Amino acid sequence: MYGWIWRHLPGNVFVRILISTVLVVGVVFLLFQYVFPWAEPMLPFNDVTVDGAAGHPGTAVAGGIA
């Protein structure tokens with residue numbers, strides 16, 4: 001796929017590198033501005049369940065061993 005894109009870009013190597021860079025920056029921009037904000041509410045990152053059965057809240061054990 002990348003070879004096909006590279007062969008169909010106009011210009012010499014330097015122009016192709018410039019066009020490729022602009023395309024990659026454009027795709028990253030679109031992902032961060034539109035796709036990721038749209039998908040974020042559907043991701044389970046905020047579904048955190050932590051219970052206090054292992055110890056009391058606010059106490060820490062040195063080395064992480066109870």
Side-chain angles (χ1 to χ4, degrees):
M1 177 176 87
Y2 298 113
W4 182 88
I5 294 170
W6 184 258
R7 285 190 306 272
H8 286 82
L9 290 175
N12 60 15
V13 174
F14 298 113
V15 173
R16 289 178 180 187
I17 291 173
L18 178 66
I19 293 171
S20 298
T21 304
V22 169
L23 288 173
V24 168
V25 168
V27 167
V28 169
F29 175 78
L30 289 174
L31 285 172
F32 275 99
Q33 290 297 315
Y34 299 104
V35 176
F36 294 156
W38 168 79
E40 191 268 332
M42 295 180 258
L43 297 174
F45 297 131
N46 291 333
D47 299 339
V48 179
T49 56
V50 178
D51 60 356
H56 299 288
T59 60
V61 178
I65 301 172

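Since this is a predicted model, take the numbers as computed values, not measurements. In this chain, residues are counted from 1 in sequence order.
- When the ring-ring contact (aromatic ring centres under 6.0 Å, His included) test is applied to Phe32, the partners found at least two apart in sequence or on another chain are Phe36.
- For Trp38, there are no ring-ring contact (aromatic ring centres under 6.0 Å, His included) partners two or more places apart in sequence or in a different chain.
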Which donor-acceptor pairs under 3.5 Å do side chains of residues 11-21 form with protein atoms, sequence neighbours excluded?
residue: Asn12; atom: OD1; partner: Phe14; partner atom: N; Å: 3.3
residue: Asn12; atom: OD1; partner: Val15; partner atom: N; Å: 3.1
residue: Arg16; atom: NE; partner: Leu9; partner atom: O; Å: 3.3
residue: Arg16; atom: NE; partner: Gly11; partner atom: O; Å: 3.3
residue: Arg16; atom: NH1; partner: Trp6; partner atom: O; Å: 3.4
residue: Ser20; atom: OG; partner: Arg16; partner atom: O; Å: 2.8
residue: Thr21; atom: OG1; partner: Ile17; partner atom: O; Å: 2.8

